[in-house]
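All remarks here apply to the structure that follows.
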Number of protein chains: 2
Amino acid sequence: MLQQSFTYQLASISEDAIKPAAKMFERRFGLDVQALRVLRLVGDQPGVNFTTLAAQTRFERSATSRILSRLIKAALVRRELDECDARQFRLFITDKGIELRQQADPLSLALEDLILSALAPDERVQFRQTLDKLSDWLARAFVGELTRRYPDAGAVLKSSARSKGR
Amino acid sequence: MLQQSFTYQLASISEDAIKPAAKMFERRFGLDVQALRVLRLVGDQPGVNFTTLAAQTRFERSATSRILSRLIKAALVRRELDECDARQFRLFITDKGIELRQQADPLSLALEDLILSALAPDERVQFRQTLDKLSDWLARAFVGELTRRYPDAGAVLKSSARSKGR
DNA sequence: ATCTTATTGTTGTAATTTACAACAATATCT
DNA sequence: AGATATTGTTGTAAATTACAACAATAAGAT
């Protein structure tokens, strides 16, 4: 086996892990993983507004908006007008949404466990710690360090507000 | 910070790590990371044929074919007809391609080092070992185990020939 | 030999995804 | 009041990805 670049290896792993799981979720719940992710973000933050949500979502606001309207149409999420600001509304998960999560979340956890079953228990703990360290560093310092060393890197730095995933 | 699913976290990390690097490579060498990857695969396996290459590439044969023809047009790769089988040809990196790699590869390594600089030296070693374990297991056993536990997972299992990345 | 079937690599194109930018509605600042 | 900024939605272009047809050749079967 040729030596792999570690970033590529990461991408491969997540792709291999996510793709089959994604299929299951679509079959069982009629939701793609992105929609599920948005559902969870709303569920965990009752009353979020769109802008906050979109910043956590890792895809475009436009995409988030469309996913959200599908969730609302499916009655998994509802929205209320904000009393103070008529431009905003607050998002809430519905009972139906909660019910769906009660089925979906254990399945997600079971799938993750299955993937991590390749590792010894303490290795698993260590691995997750390392991942936290890495994502933290990437979100916080990487781009800055990169442009310091390579001024031509062309840092974009647009949105920010990452590292709040789910 | 909300708790993240580990697969999602992996995807985020690789995306954050790859995107800025990708920009640099495009500016400096006029090659996107995929083309660079193909160039490396060819360089490391002088005389590969297209089918073998495409299996290692993680994208469609059609995409691989187009990338390859760009590399050939740019004179970074050349091809020879196979003596035994007129359908096949054998691929080789050119001197110009080697030269490009001599610039690009150290940069890749430096970038990976930069990313991993967030980790202590022994943590780094451990991390890479864990990644190897994981990708190995995913390539070898995951899909089988998944369909055993969840017969509705809808395993596809089309190509195979993975775990030979670069 | 010839006929059928399989493989190799390329190409056209449909489908999907992603990004961008314009927009109406409302709020805030001067 | 008028100018500027923010919120969320929508239209559409651009890029990506997937699929399937294809010509050229090889291999196997009768």
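A quick note: this is a predicted structure, and the numbers were derived from the prediction, not measured. Below, chains carry the letters A, B, ... as their sequence lines are ordered, and counting in each starts from 1.
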Please, which pairs that meet side-chain hydrogen bond (donor to acceptor under 3.5 Å, both in side chains) have at least one residue in residues 115-124 of chain B, sequence neighbours excluded?
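Checked against side-chain hydrogen bond (donor to acceptor under 3.5 Å, both in side chains) - neighbours excluded - the pairs reaching residues 115-124 of chain B are A/T130-B/E123, A/K133-B/E123.
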
Just the rounded figure in Å: distance from [atom2] of [N] to [atom1] of [X].
X	N	atom1	atom2	answer
B/L81	D/dT25	CG	P	10 Å
B/N49	D/dT25	CG	C1'	14 Å
B/E60	C/dA14	CD	P	17 Å
B/Q34	D/dA18	CD	P	11 Å
A/R58	C/dT17	CZ	P	18 Å
A/L91	D/dT9	CG	C1'	14 Å

So what's the dot-bracket for DNA chain C: Watson-Crick or G-U pairs under 3.5 Å, [ ] if a pair crosses, | if it pairs off-strand?
||||||||||||||||||||||||||||||

Side-chain heavy atoms under 4.5 angstrom apart, residues restricted to Ile, Leu, Val, Met, Phe, Trp, Tyr: same cluster for B/I18 and B/F25?
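Unlinked, B/I18 and B/F25 end up in two clusters.
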
Cluster overlap A/I98 with A/V38, hydrophobic side-chain contacts below 4.5 Å:
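Both belong to a single hydrophobic cluster.
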
Quick one: salt bridge (Lys or Arg N to Asp or Glu O under 4.0 Å) partners of A/R78, sequence neighbours excluded?
A/E80

What residues form a ring-ring contact (aromatic ring centres under 6.0 Å, His included) with A/F89, not counting sequence neighbours?
none

Answer yes or no: are there more than 12 heavy-atom neighbours, outside B/I72 itself, under 6.0 Å from its atom CD1?
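Above 12, so yes.
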
Using every non-hydrogen atom in the two residues, find where A/Y8 and B/Q56 come nearest and quote the distance to one decimal.
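Closest heavy-atom pair between A/Y8 and B/Q56: OH-O, 4.2 Å.
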
Could you tell me how the ring of A/F127 sits relative to the ring of B/F6: parallel (under 30°), tilted (30 to 60°) or perpendicular (over 60°)?
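Perpendicular.
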
Any side-chain donor-acceptor pair under 3.5 Å between B/R40 and A/S5?
no

Side-chain donor/acceptor of B/T94 to backbone N/O of B/A75, under 3.5 Å:
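Yes, because the side chain of B/T94 sits within donor-acceptor range (under 3.5 Å) of the backbone of B/A75.
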
Verify, without hydrogens or angle tests, whether B/E145 (side chain) and B/A141 (backbone) share a donor-acceptor contact under 3.5 angstrom.
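No: the side chain of B/E145 does not pair with the backbone of B/A141.
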
Heavy atom of residues 61-79 of chain B under 4.0 Å from DNA chain C: which residues?
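Listed by number, they are B/R61, B/S62, B/S65, B/R66, B/R79.
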
When we call it a touch if two heavy atoms are under 4.0 Å apart, what does A/F59 touch: a base, just sugar-phosphate, or nothing?
nothing

Give each protein N/O atom lying under 3.5 Å from an N/O atom of nucleotides 24-30 of chain C, with the pair distance.
residue	atom	partner	partner atom	Å
C/dA27	OP1	A/A86	N	2.7

